[in-house]
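Here the structure is a predicted model, which means the values were calculated and not measured. Just follow the structure's listing: the first ligand is 1, and inside any ligand the first atom is 1.
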Amino acid sequence: MILLVDDKPENLFSLKKLLELNNFSVDTAESGEKALKKILKCNYVLVILDVQMPGMDGFEVAETISGLSRAKDMSIIFLSAVNTDTNFIKRGYASGAVDYVTKPVDPDILLLKVKTFYRLYEQTQELTKTQEALREEIKFREVAEQRKDEFMSIASHELKTPLTSMKAYLQLLQRSVEEADFATKDHFLQRAILQLNKLDTLIADLLDISKIESGKLQLNKKKFDFNVMLNNAIDVIMQMHPEVKIVKECHVQGQVYGDDARLEQVLINYFTNAIKYSPCSKEIYVNVDLSPERHLTVRVKDKGIGIPKESLQNVFKKFYRVDESAVRFQGLGMGLYICSEIISRHGGFVGVESEPNKGSVFYFSVPILEKLQEVPQ
Ligand code: ADP
C-alpha cells in the first residue's frame with residue numbers, strides 16, 4: 001500500500017485517482033503528524049511526501065521514519081516544487097529519502113518511479129525470505145551435525161561394548177580349551193555368542209535406519225501363518241533369555257499377508273525391550289487379537305520400569321531414549337523407530353500404554369487381507 005501525504009486535499013485527490021487507476025492501493029494523510037501515526041500502525045511499501053507542509057514538513061517526517069525499524073524497507077518519494085538546488089537534494093538523502101518528483105507532477109514519471117519502488121520492495125522481501133530460509137537451514141544443519149557427532153560417539157561405544165565382552169569371553173574360552181576345562185567351555189562360548197548376537201542386532205539396526213532414510217527398506221510380502229511366526233519369535237527370545245517366561249494368549253490362527261521376517265523383527269524388538277526394561281520381572285505376556293475392522297493387534301506386556309507420561313509420544317521417534325532409562329540401560333533408540341516404520345509400511349500403526357514402575361504394553365496393529373479363523377477359547 002502507498003501512503004500519500006499532502007496538506008492540499010485537491011493534490012491528494014488527483015494523485016490517489018492516478019495511482020488507483022493503475023491498480024495501486026492508496027491511503028492518505030493531510031499532515032506530517034497524521035502520516036506518522038498511520039506509519040506507526042500500518043506497513044506501507046512507499047510514502048509519497050509533500051516537502052512543504054505546515055507543521056511537520058516532509059523532511060521531518062522522513063527523518064522520523066528512518067529511525068523506525070518497521071519502516072526499514074519503506075521507500076520515500078518527495079514531491080517538491082524545488083528541483084535544481086543540490087543542497088536540497090543532499091538534505092533529502094541525508095534524511096532517508098530515496099527519490100524526488102518535482103511539481104507539477106508528471107504522471108508518467110511518478111508512475112515509473114512508483115513501479116520501480118514496488119519492484120524493489122518485492123525483491124527486498126524475496127531476499128529477506130531467502131536469507132531467513134538460509135539462516136534456518138544453517139541452524140538445522142548445525143543441530144543435525146551436532147546430533148550426528150553425538151550419535152557417532154554413542155554408536156561407537158555401543159558397538160565396542162559387546163565387542164570387548166566377546167573378546168574377553170573368547171580369551172576365557174581359549175584358556176578353558178587349553179586347560180581342558182570342558183565344563184566352563186560351553187558357558188564362555190554361550191556368552192560370546194550372546195555378545196555376537198547383540199553386535200549383529202546393532203549393526204542390522206544401523207543398516208535398517210540408513211535404508212529407511214534412503215527409502216530403500218524393501219518388504220518381501222507374502223502369505224504366512226501368523227502363529228508360526230509368533231512361535232519363531234518366542235523361540236529366538238527363549239534361546240537368548242532362557243530365564244524369561246513368555247505367556248502367550250493367542251486367539252487367532254491363520255494366514256496373514258506381509259513380510260514375516262520384518263514382522264518377526266518387530267516382535268523380537270518388543271520382547272527384547274520388555275525384558276531389558278524389566279530388571280525385576282521375568283514374565284512377559286503376549287496377546288494377539290483380531291478386531292471386527294479386520295486388524296490383527298499384538299500386545300507385548302511387561303511389568304518393568306514403565307515410561308513417564310510425557311515421554312510416551314516420543315518413544316517411537318528416531319534416536320529417542322527416555323532420560324531415566326538411558327542412564328541405566330544400554331541402547332541407541334533405534335529399535336522402536338524401525339518397528340514403527342515396518343508397521344506403517346504394512347498399513348498399520350504402533351502404540352504404547354505405560355505407567356512408571358508398573359510396566360508397559362507395546363502394541364502394533366496391521367490390517368489382514370483375508371479372514372483369520374477365530375480360535376474358540
Ligand atoms: P533402545 O532400547 O535401544 O534405547 P528403542 O527404540 O527400542 O531403543 O526404545 C526407545 C526408548 O523407549 C528406550 O530407550 C526406553 O527408554 C523406552 N522403552 C522401550 N521399550 C520399553 C519398555 N518395555 N519399558 C520401558 N521403556 C521402554
Side-chain angles (χ1 to χ4, degrees), residues 147 150-163 165 194-195 197-213 217 233-234 236-237 240-241 243-248 262-287 297-345 349-365:
R147 283 221 190 110
E150 277 168 22
F151 175 75
M152 289 299 283
S153 112
I154 299 172
S156 324
H157 174 77
E158 288 293 314
L159 289 170
K160 186 110 177 57
T161 309
L163 203 65
S165 306
L194 194 74
Q195 298 304 322
N197 284 336
K198 276 190 189 169
L199 202 61
D200 187 40
T201 313
L202 270 173
I203 293 170
D205 279 358
L206 283 166
L207 288 174
D208 278 350
I209 294 259
S210 103
K211 279 186 201 157
I212 291 170
E213 300 295 279
L217 185 79
I234 294 176
V236 171
I237 294 295
M240 288 198 307
H241 304 277
E243 74 288 0
V244 173
K245 187 176 163 207
I246 297 185
V247 183
K248 182 177 147 195
R262 287 296 183 182
L263 289 174
E264 188 178 312
Q265 180 184 347
V266 174
L267 270 172
I268 290 177
N269 217 309
Y270 277 15
F271 285 143
T272 315
N273 277 353
I275 295 166
K276 176 158 80 168
Y277 296 106
S278 305
C280 304
S281 159
K282 294 280 164 269
E283 258 184 24
I284 308 291
Y285 306 83
V286 54
N287 173 290
T297 304
V298 184
R299 290 184 180 79
V300 176
K301 182 176 158 192
D302 64 64
K303 293 181 180 168
I305 60 167
I307 299 165
K309 206 169 160 205
E310 63 278 9
S311 301
L312 283 178
Q313 83 236 37
N314 296 323
V315 289
F316 287 96
K317 288 185 185 157
K318 191 168 50 172
F319 304 139
Y320 182 84
R321 308 201 69 214
V322 178
D323 284 346
E324 297 91 71
S325 46
V327 287
R328 287 175 62 193
F329 304 91
Q330 286 183 346
L332 278 175
M334 296 188 291
L336 290 180
Y337 169 69
I338 297 169
C339 291
S340 76
E341 283 291 318
I342 292 173
I343 297 301
S344 86
R345 295 280 303 276
F349 57 88
V350 293
V352 56
E353 290 153 11
S354 187
E355 221 180 301
N357 304 319
K358 292 240 165 94
S360 312
V361 180
F362 276 86
Y363 58 86
F364 69 83
S365 198

Query - V300 and its side chain to side chain contact (heavy atoms under 4.5 Å, CB included) partner, picked from N273, N269, I284, V352 - result: I284
Backbone or side-chain N or O of [X] under 3.5 Å from ligand 1 N or O:
X    : value
V315 : no
V322 : yes
L336 : yes
L332 : yes
Y337 : no
D302 : yes

Protein contact to [atom] [nearest heavy atom, distance to 0.1 Å]:
atom                    : result
atom 13 (C) of ligand 1 : Y277 OH, 3.3 Å
atom 26 (N) of ligand 1 : I307 CG1, 3.3 Å
atom 7 (O) of ligand 1  : N273 ND2, 2.8 Å
atom 16 (O) of ligand 1 : S325 OG, 2.6 Å

Look at the side chain of [X] and the backbone N and O of [Y], then say whether any donor-acceptor pair between them is shorter than 3.5 Å.
X    : Y    : answer
R147 : F319 : no
K276 : Q330 : yes
S281 : S278 : no

Whether over 12 other heavy atoms sit under 6.0 Å from [X] [atom1]:
X    : atom1 : result
K282 : NZ    : yes
K303 : NZ    : no
K248 : NZ    : yes

Query raised in the report: Where does F362 meet ligand 1, judged by heavy-atom distances below 4.0 Å: at the side chain, the backbone, both, or neither?
Result: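 It is the side chain that touches ligand 1; the backbone stays farther off.
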Atoms of ligand 1 close to [X] [distance to a heavy atom under 4.0 angstrom, numbered from 1]:
X    : value
G333 : 1 (P), 3 (O), 4 (O), 6 (O), 8 (O)
M334 : 6 (O), 8 (O)
R321 : 1 (P), 4 (O), 14 (O)
S360 : 24 (N), 25 (C)
Y320 : 10 (C), 11 (C)
G306 : 25 (C)

**Report entry** Distance, nearest 0.5 Å, that separates NZ of K160 from CG of L163
**Finding:** 6.5 Å
Query raised in the report: With a 4.5 Å heavy-atom cut-off, do L159 and L206 have their side chains touching?
Result: yes
With a 4.0 Å cut-off on heavy atoms, is [X] touching ligand 1?
X    : value
G304 : no
A326 : no
K276 : yes

Query - Partner of Y270 under ring-ring contact (aromatic ring centres under 6.0 Å, His included), chosen from Y363, Y285, F362, Y277 - result: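 In the set Y363, Y285, F362, Y277, the residue that makes a ring-ring contact (aromatic ring centres under 6.0 Å, His included) with Y270 is F362.
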Requested in this report: Might you point out which heavy atoms bring Q265 and I342 nearest each other, and give the distance in Å?
Outcome: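 That would be OE1-CD1, 3.7 Å.
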**Report entry** Worked check of side chain to side chain contact (heavy atoms under 4.5 Å, CB included) between H157 and I154
**Finding:** CA-CA 5 Å; H157 174 77; I154 299 172; 5.6 Å; no
